[in-house]
Amino acid sequence: MQDHELPFTFRVTKDSGHQVYLRNAGEEILLDEIAVKGDSVEMKLHIFDASLKAKIDGDKLSGTFYKYYAPEASLPFLGYVW
């Protein structure tokens, strides 16, 4: 995927605080460590030893899928909230 955009889809709920679910084919993965600061967000993806770092623009997130174990393989991504 180097030099290509990596698409993600998220579901956000506000039941008891914000819950973010990453859609992966037919499954949803709960992202349980989220930090929002101003118009930026960082979501840890412990299962992948990675994080998503992004700017928030309405229902769109744009940023980097950052791999802790291989930062040179990190990818830009676009995410959409539905």
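Of the residues Met43, Gln19, Glu42, the one that meets the side-chain contact (heavy atoms from CB on, under 4.5 Å) test with Ile34 is Met43.
Closest non-hydrogen pair, Ala50 versus Lys67, comes out as CB-CA, 4.1 Å. Contact between Ser51 and Lys44 at its shortest, heavy atoms only, is CB-CA, 4.1 Å.
Between Val41 and Leu61 there is a side-chain heavy-atom pair separated by less than 4.5 Å. Using a 4.5 Å heavy-atom cutoff, the side chains of Val36 and Ile56 are in contact.
Remark: side-chain polar atoms of Ser62 are not paired, donor with acceptor, to backbone N or O of Leu78 under 3.5 angstrom.
Between Phe48 atom CZ and Tyr68 atom OH the span is 13.5 Å, to the nearest 0.5 Å. Here OH of Tyr21 is found 12.5 Å from CD1 of Ile29. Values are rounded to the nearest 0.5 Å. Summarising the geometry, atom CG belonging to Leu22 is positioned 11.5 Å from atom CZ belonging to Arg11; distances are rounded to the nearest 0.5 Å. Going from atom CG of Leu31 over to atom NE2 of His46 covers 9.0 Å, rounded to the nearest 0.5 Å. Summarising the geometry, atom CZ belonging to Phe77 is positioned 7.5 Å from atom OG1 belonging to Thr64; distances are rounded to the nearest 0.5 Å.
Under the 4.5 Å side-chain heavy-atom criterion for grouping Ile, Leu, Val, Met, Phe, Trp and Tyr, Tyr66 is not connected to Ile47 through any hydrophobic cluster.
Residues passing the salt bridge (Lys or Arg N to Asp or Glu O under 4.0 Å) test with Lys53: none are found, sequence neighbours excluded.
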